[in-house]
Amino acid sequence: MRSTYGTMAFESPTRRGAKPSFRARPRPAFQTDVHPANRMGGSAVQKQAQWLSRAAEADRAGDAVQAELCRQYAEHWFRVSRGQE
């Protein structure tokens with residue numbers, strides 16, 4: 001079956017015969033401040049305290065957005081410790 005472009009119905013006209021690549025894609029060069037800390041050890045109460053201390057550090061540094069994000073993580077661990085999630 002030929003389409004109006006002269007190729008098979010599901011074949012890309014620019015990549016005829018090209019095989020898909022299943023290699024792992026490289027990770028982005030940037031890293032965020034928060035996400036690697038998700039691997040902090042300890043109980044839910046300890047993680048809550050760690051996130052609150054990070055929020056206080058961010059407040060002292062003048063980063064209100066980072067402080068709020070850390071408070072949200074702390075709230076999550078507070079709810080986990082109370083069994084609400």
Side-chain angles (χ1 to χ4, degrees):
M1 173 184 294
R2 296 190 85 100
S3 69
T4 58
Y5 296 107
T7 60
M8 294 294 288
F10 297 107
E11 183 180 352
S12 170
T14 58
R15 294 185 44 123
R16 287 186 196 148
K19 294 182 181 178
S21 174
F22 294 106
R23 289 180 287 160
R25 294 183 182 172
R27 290 183 166 235
F30 63 90
Q31 293 289 328
T32 61
D33 294 4
V34 174
H35 297 294
N38 286 339
R39 296 182 181 96
M40 291 187 285
S43 68
V45 174
Q46 290 170 334
K47 289 180 183 181
Q48 178 194 5
Q50 290 169 346
W51 282 114
L52 287 173
S53 69
R54 283 178 156 241
E57 290 172 12
D59 275 334
R60 284 191 294 273
D63 191 350
V65 174
Q66 184 75 13
E68 180 61 28
L69 182 63
C70 291
R71 283 190 208 96
Q72 288 176 0
Y73 277 111
E75 182 182 1
H76 162 73
W77 286 111
F78 171 76
R79 290 173 186 255
V80 168
S81 70
R82 300 289 183 217
Q84 295 177 357
E85 284 189 338

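This is a predicted model, so every value here is computed, not measured.
- Summarising the geometry of Q48 relative to A74, their closest heavy-atom pair is CG-O, 3.5 Å, with the distance given to 0.1 Å.
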Stepwise side chain to side chain contact (heavy atoms under 4.5 Å, CB included) test for E75 and R79: CA-CA 6 Å; E75 182 182 1; R79 290 173 186 255; 2.9 Å; yes
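- Checked against side-chain contact (heavy atoms from CB on, under 4.5 Å), A56 has the following partners two or more places apart in sequence or in another chain: R60.
- Taken from CZ in R54 to CG in L69, the straight-line distance is 10.0 Å, to the nearest 0.5 Å.
- For the residue pair G42 and Q46, the shortest heavy atom distance occurs at CA-OE1, 2.9 Å.
- Applying the salt bridge (Lys or Arg N to Asp or Glu O under 4.0 Å) criterion to E68, with sequence neighbours excluded, gives R71.
- With rounding to the nearest 0.5 angstrom, the CG atom of L52 is 10.5 Å from the CZ atom of F78.
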